[in-house]
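Notes follow the structure.
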Amino acid sequence: MSVVARKWQELAEIKDELAGRDWFPGTSGNLSIKVNDDPLQFLVSASGKDKRKRTMEDFLLVDGEGRAVEDTGLKASAETCIHLEVYRNTTAGCCLHVHTVDNNVVSELYAEQGFVTFRNQELIKAFGIWEEDGEITVPIVENFADLPTLAKEVARVIETNTKAVLIRNHGVTVWGKDGFEAKKHLEALEFLFSYHLKMLMLQPRWTASPATAAHA
Ligand SMILES: CSC[C@@H](O)[C@@H](O)C(=O)COP(=O)(O)O
Ligand SMILES: [Zn+2]
């Protein structure tokens, strides 16, 4: 099996799993997986598809400028430029983007602050953070309609340890060194978002103010 075919299969399986969680409402979301480092080539989901369905036209191979490598009638995800910035600015091998109610609400709650931090949670270990007082911070950017501007904004907030970026009232973009790690990071983050919102609902005095935002 060629590398492209193997990576296609890996990405298709991840897509099916995320679809099973209902993380692609209304054709939202996109996925990519790196096929080659130099020159950069990655498989990315085709734009506007129902990502719950598996077809032979789910992905296409694009280059380091986001252009299709082969002749195809398919259009790469509108957010390919964001995936490109992730590959340019990190060592990611796979990048996943989903819209969920939880990630949208968290992004709105902490948008003014520009980030949300989680600590005191076992699942932080999913990010390779093993310290007693370990924490993970997810930057939040505004949802610019102009996608190249949005992509630059995402690139601007990526630091060495950044594993994900929230886009305000839009979704989350998460990555990892390979498909397994990217999915692990995404599942762990969605758990943290959900826990955080439930705590806020059950204990309204467990305030979402910047000083206490880290109470995961
Ligand atoms: C249909 S709403 C979602 C889109 O606007 C976009 O944010 C998205 O995630 C999917 O775009 P796509 O071009 O299919 O990859
Ligand atoms: Zn999106």
Side-chain angles (χ1 to χ4, degrees), residues 7-8 10-35 40-69 72-89 92 94-108 110-111 116 138-158 162-176 179 182-183 185-187 189-190 193:
K7 295 287 182 182
W8 179 297
E10 191 180 346
L11 198 58
E13 281 169 15
I14 292 171
K15 185 168 80 69
D16 286 352
E17 276 198 52
L18 304 187
R21 295 176 176 274
D22 206 15
W23 283 353
F24 296 127
T27 74
S28 64
N30 34 71
L31 313 85
S32 71
I33 195 160
K34 200 190 272 183
V35 169
L40 176 62
Q41 287 190 340
F42 58 97
L43 283 166
V44 66
S45 47
S47 185
K49 299 272 183 191
D50 179 350
K51 280 101 189 173
R52 296 183 190 94
K53 304 233 160 58
R54 193 191 272 224
T55 77
M56 297 299 291
E57 302 197 316
D58 286 341
F59 310 116
L60 61 153
L61 191 63
V62 297
D63 64 16
E65 299 301 323
R67 292 174 304 224
V69 168
T72 173
L74 295 175
K75 193 171 164 321
S77 166
E79 290 164 0
T80 299
C81 50
I82 298 176
H83 293 250
L84 259 175
E85 290 298 345
V86 169
Y87 291 124
R88 283 176 184 154
N89 291 285
C94 179
C95 179
L96 307 171
H97 168 73
V98 299
H99 300 203
T100 67
V101 173
D102 287 351
N103 68 40
N104 272 244
V105 174
V106 168
S107 76
E108 178 60 19
Y110 296 100
V116 58
V138 182
I140 304 169
V141 299
E142 290 297 325
N143 186 26
F144 293 97
D146 179 64
L147 291 170
T149 304
L150 177 56
K152 290 285 168 228
E153 236 347 67
V154 170
R156 185 183 65 76
V157 297
I158 293 177
T162 310
K163 309 276 194 249
V165 175
L166 273 165
I167 305 170
R168 186 175 189 172
N169 279 327
H170 175 158
V172 71
T173 295
V174 184
W175 55 89
K183 187 167 75 74
H185 289 167
L186 175 58
E187 289 172 345
L189 259 188
E190 290 292 335
F193 295 151

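Order of listing sets the numbers, starting from 1, for every ligand and every atom in it.
Taking a cutoff of 4.0 Å between a charged side-chain nitrogen and a carboxylate oxygen, Asp58 and Lys15 qualify as a salt bridge.
In terms of N/O distances under 3.5 Å, ligand 1 is approached by Gly29. Annotation: Ala46 places no N or O atom under 3.5 Å from an N or O atom of ligand 1; distance criterion only.
Between the NE2 atom of His170 and the OE1 atom of Glu79, the angle taken at the Zn ion (ligand 2) works out to 100° after rounding to 10°. Put simply, the angle at the Zn ion (ligand 2) from NE2 in His97 to NE2 in His99 is close to 90°, to the nearest 10°.
Below 4.0 Å from some heavy atom of Ala78 lie the following atoms of ligand 1, by number and element: 12 (P), 13 (O), 15 (O). For ligand 1 and Thr27, the ligand atoms under 4.0 Å from any heavy atom of the residue are 1 (C), 10 (C), 14 (O). For ligand 1, the atoms lying closer than 4.0 Å to a non-hydrogen atom of Gly48 are 12 (P), 13 (O), 14 (O). Each of the following atoms of ligand 1 lies closer than 4.0 Å to a heavy atom of Gly26: 1 (C).
The line from CG of Asn30 to OG of Ser45 is 4.5 Å long, rounded to the nearest 0.5 Å. Separating the CG atom in Asp102 from the CZ atom in Phe193 is a distance of 8.5 Å, to the nearest 0.5 Å. Note that CG of Leu18 and NZ of Lys51 are 12.0 Å apart. Values are rounded to the nearest 0.5 Å. Atom CG of Leu11 sits about 7.5 Å away from atom CG of Leu96, to the nearest 0.5 Å.
Side-chain contact between Val165 and Val141 is present, with heavy atoms from C-beta onward closer than 4.5 Å.
Nearest to atom 15 (O) of ligand 1 among the protein's heavy atoms is Ser77 OG, 2.6 Å. In terms of protein heavy atoms, atom 11 (O) of ligand 1 is closest to Asn30 ND2, 3.8 Å. Regarding atom 13 (O) of ligand 1, its nearest protein heavy-atom neighbour is Ser47 OG, 2.6 Å. Among protein heavy atoms, atom 3 (C) of ligand 1 sits closest to His99 CE1, 3.5 Å.
Looking at Asn103, its side chain does come within 3.5 Å of a backbone N or O of Thr100 through a donor-acceptor pair.
Between His83 and Phe42, the ring-plane angle classifies as parallel under the 30° and 60° cut-offs.
Contact between Ser45 and ligand 1 is absent, with no heavy atom of the residue lying under 4.0 Å from the ligand. For the pair His170 and ligand 1, a heavy-atom separation below 4.0 Å is found.
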Inset, instruction - Take His185 and Trp175 through the test side chain to side chain contact (heavy atoms under 4.5 Å, CB included) and record every step on the way to the result. - result: CA-CA 7 Å; His185 289 167; Trp175 55 89; 6.0 Å; no
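Of the listed residues (Lys51, Glu79, His97), the one carrying the non-hydrogen atom nearest atom 14 (O) of ligand 1 is Lys51.
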Going by atom type alone, with no hydrogens or angles, which donor-acceptor pairs under 3.5 Å involve a side-chain atom of residues 20-28 and a protein atom two or more places apart or on another chain?
unit_1	atom_1	unit_2	atom_2	d
Arg21	NH2	Glu187	OE2	3.1
Asp22	OD1	Arg52	NH2	3.3
Ser28	OG	Pro25	O	2.6

